[in-house]
Amino acid sequence: MFESDAEVKRIAAYCRVSTDKTDQANSLESQQKFFNEYIRQNHLWELYDIYVDDGISGTNTKKRVAFNQMIEDAKNGKFDLIITKEISRFARNILDSIGYTRELKALGVGVIFLNDNINTLDRDAEMRLAFLSTMAQEESRKTSERVKWGLRRQMEKGVVLGRDMLGFDVRDGKLIINDEGAETVRLIYHKFLDEGKGAHRIAKELREEGIKTSTRIKDWSYTVILRILRNEKYCGDLVQQKTYTPDYLTHQKKRNYGEIETVTIKNHHEPIISRERFEAVQRELERRKPSQSTVKTFANRYALSGKIICGECGASFVRRQKKRKDGTMTVKWVCAESQKNGSQHKEKDGTAVGCTTNSINDRDIKEILQTVLADTMLSRTNIINTLLQTVESVVKSASDNDNIARFQNDIARCEDKKKKLLDLCLNGYIENKEYREVCDDLNCQITALEQKMIQEQSNQKMFADKEKIIDDIKAYVNAISTGEGWNDAFYRNIVDKIVIYKGRKIDIHLKRIPEKRQGRILAGRQEIEAYERIKYSCVCSEPISVNNPFSSGNGME
């Protein structure tokens with residue numbers, strides 16, 4: 001039918017099955033068998049090879065390995081003719097259909113679309129090909145719209161369309177907590193919120209501790225930690241359609257920045273992290289964002305990172321560590337602008353750069369903060385006592401609860417129900433299917449109760465020596481509140497900012513405490529330096545001047 005001479009032609013066949021074509025008539029096996037038989041029937045044709053793409057979309061050719069290899073072999077003159085069943089198997093993109101057939105025709109290679117009765121070597125082939133390719137492309141567009149609509153309806157019903165992630169397994173469209181992964185998630189939130197560590201440091205510690213990632217994560221990194229801290233699934237919410245595919249021809253996904261509405265369902269599944277804790281992490285992430293006005297961004301590795309501000313240029317102070325000749329280490333906080341550009345001066349274009357603010361010793365700023373806190377807490381004894389009383393009542397109530405016996409009774413009742421159900425089933429009062437369904441539900445209840453009982457046993461063990469726990473907490477709170485001890489997490493949360501000015505002046509602002517400590521570090525003898533404190537109340541009263549030496553370090557340098 002398509003033969004024009006008696007020369008034997010080398011024939012290549014192309015077949016493709018996309019994921020939505022599973023019927024036998026379009027299976028790869030049947031297509032390959034068909035091409036073998038079809039070519040064998042023509043004694044002037046000789047099969048060169050059958051090129052097969054399995055589970056690949058036809059709307060573009062980028063990922064179609066066999067197709068691209070076939071084009072490359074055609075360029076190298078390995079065959080004379082390509083046969084395929086229909087245009088939609090070859091391409092559903094008009095540009096690809098026309099472009100590749102033109103390229104092949106220029107090489108002397110024709111393409112025969114059997115079902116469409118088109119041979120690209122014929123004169124009117126391109127016109128008919130363009131018409132049918134347009135129809136094939138439109139079919140792809142409609143199919144894409146139908147699929148998107150169906151997926152959207154599934155999302156609105158709460159069906160999870162994603163894959164397994166750290167802490168959750170996706171089973172039948174539901175998020176099921178994975179205990180091992182959930183523990184890792186809780187550890188990450190603890191390190192960030194309670195210990196005040198940054199994403200870089202958390203990732204490093206997880207790598208050093210050999211903690212497993214999820215199957216989709218190659219290794220712990222800064223971005224991986226941030227994604228976990230920002231993922232709303234961990235507090236029980238589900239947000240889908242975070243990405244979308246704007247072009248059905250390219251299939252390239254893009255991040256959804258409001259182009260289409262996301263599907264959000266609150267309290268969709270059992271959370272790993274409480275909502276209050278998750279929201280606290282979001283606030284902390286926002287707080288740690290570097291200010292645009294600062295010259296240099298800062299990490300949150302240390303308790304005072306980003307909290308010491310230069311009162312002259314507005315830049316953050318950065319921590320610098322240096323080894324002395326005797327082998328000991330000295331740690332200072334230095335103005336980032338001074339560190340970068342030196343003392344204040346003007347550039348050739350007249351721009352002022354640099355800063356003259358002095359550095360401050362890390363040991364001294366900590367001693368200053370401890371003394372300020374101790375002085376501040378003198379008038380807040382009632383607050384400390386109330387806090388300690390609350391802690392004591394919580395510990396005692398937690399240790400006195402007898403939840404284990406309640407869980408054991410609930411488990412026993414479920415087991416008793418299973419026995420009664422078995423009797424009903426054996427006597428023919430209920431069907432086997434109904435029996436299995438109810439038993440499965442009871443087994444789920446028993447598993448949940450057993451997990452809660454294990455957790456309660458762990459809590460009881462932890463609170464076994466409640467008097468010692470209470471005494472330890474009291475000692476710790478008293479040590480911190482009186483300035484006797486230093487704890488990074490505590491001071492990170494209580495210090496709002498420390499402003500350093502020229503002339504060795506310093507302002508200390510504490511969170512939720514309506515007072516500002518302002519003073520100056522005075523350089524006296526080399527061995528002793530004093531800190532002059534002036535306390536300003538937030539109410540409209542006269543400032544009270546107090547002289548009290550309390551720093552014995554090297555002070556401002």
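Just so it is clear, the values below take in all heavy atoms, side chains as well, and ignore hydrogens, waters and symmetry mates. For clarity, every value in this text was computed on a predicted model and none was experimentally measured.
One distance of note links CZ of R207 with CG of D219; it measures 5.5 Å at 0.5 Å rounding. Interatomic distance, N267 CG to D237 CG, rounded to the nearest 0.5 Å: 6.0 Å. How far CD1 of I228 is from OG1 of T223: 9.5 Å, rounded to the nearest 0.5 Å. Of the inter-residue distances, the one linking R319 atom CZ with S359 atom OG reads 13.5 Å to the nearest 0.5 angstrom. Between the CD1 atom in I365 and the CG atom in L304 there is a gap of 7.0 Å [rounded to 0.5 Å]. A distance of 8.5 Å separates CG of L442 from CD of E415, quoted to the nearest 0.5 Å.
Side-chain atoms of K307 and H509, non-hydrogen and from C-beta on, never get closer than 4.5 Å to each other. Residues K212 and T184 have side chains not in contact (no heavy-atom distance under 4.5 Å, counting atoms from C-beta outward). When side chains are defined from C-beta on, K197 does not count as touching F192, because their heavy atoms never get closer than 4.5 Å. In this structure, I308 and S316 have side chains that are not in contact, with every pair of non-hydrogen atoms separated by 4.5 Å or more. Taking 4.5 Å as the limit, every side-chain heavy atom of V160 sits out of range of all side-chain heavy atoms of K174. R275 is listed as a side-chain neighbour of K266, based on a closest heavy-atom distance under 4.5 Å. Residues T264 and E232 are not in side-chain contact: their nearest non-hydrogen atoms beyond the backbone lie 4.5 Å or more apart. Taking 4.5 Å as the limit, some side-chain heavy atom of V170 sits within range of a side-chain heavy atom of L175.
Between Q451 and D179, the shortest heavy-atom contact is NE2-OD2, 4.3 Å. Here the closest non-hydrogen pair linking A199 and I225 is O-CG1, 3.8 Å. Heavy atoms only, all atoms of each residue included: C414 and I446 are closest at CB-CG1, 3.5 Å. Considering every non-hydrogen atom in both C335 and A315, the closest pair reads SG-CB, 4.2 Å. Residues E156 and I265 come closest through the heavy atom pair O-CD1, 4.1 Å. Here the closest heavy-atom approach between residue M165 and residue K233 is recorded as SD-CD, 3.4 Å.
In this structure a side-chain-to-backbone donor-acceptor pair under 3.5 Å is present from R492 to E195. In this structure, the side chain of Q445 does not engage the main chain of D410 through any donor-acceptor pair within 3.5 Å. Between the side chain of E312 and the backbone N or O of Y501 there is no donor-acceptor pair closer than 3.5 Å. Under a 3.5 Å cut-off, the side chain of Q240 and the backbone N or O of L161 do form a donor-acceptor pair.
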R363 and V331: side-chain contact (heavy atoms from CB on, under 4.5 Å), yes or no, with the steps?
CA-CA 8 Å; R363 178 187 59 191; V331 180; over 6 Å; no
**Message:** Before you tell me yes or no, could you show the steps for I498 and I360 under side-chain contact (heavy atoms from CB on, under 4.5 Å), namely the whole-Å CA-CA distance, both residues' side-chain angles and the distance that decides it to 0.1 Å?
**Reply:** CA-CA 11 Å; I498 301 167; I360 184 169; over 6 Å; no
Working for side-chain contact (heavy atoms from CB on, under 4.5 Å), residues K332 and F317
CA-CA 9 Å; K332 301 177 183 178; F317 271 51; over 6 Å; no
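Classified by interplanar angle (parallel below 30°, tilted 30° to 60°, perpendicular above 60°), the ring pair F168/Y234 is parallel.
Atom CG of D440 is surrounded by more than 12 heavy atoms from other residues, nucleotides or ligands within 6.0 Å. The 12-atom threshold is exceeded at NZ of K366, counting heavy atoms of other residues, nucleotides or ligands nearer than 6.0 Å. Within 6.0 Å of CD in E279 there are more than 12 heavy atoms belonging to other residues, nucleotides or ligands. Open room surrounds CZ on R163; 12 or fewer heavy atoms of other groups in view lie less than 6.0 Å from it. Crowding of Q282 atom CD: a count of heavy atoms from other residues, nucleotides or ligands under 6.0 Å exceeding 12.
Salt bridge present: R171 and D164 bring a charged side-chain N and a carboxylate O closer than 4.0 Å. Ion pairing of E286 with R283 is absent here, as no side-chain N (NZ or NE/NH1/NH2) approaches a carboxylate O to less than 4.0 Å.
Partner K191 forms a side-chain contact (heavy atoms from CB on, under 4.5 Å) with one of D194, L187, L193 and no other, that one being L187. The only option from I177, L166, N231 that meets the side-chain contact (heavy atoms from CB on, under 4.5 Å) definition with V185 turns out to be L166. Under the side-chain contact (heavy atoms from CB on, under 4.5 Å) rule, I188 has a single partner from V224, L229, I211, which is L229.
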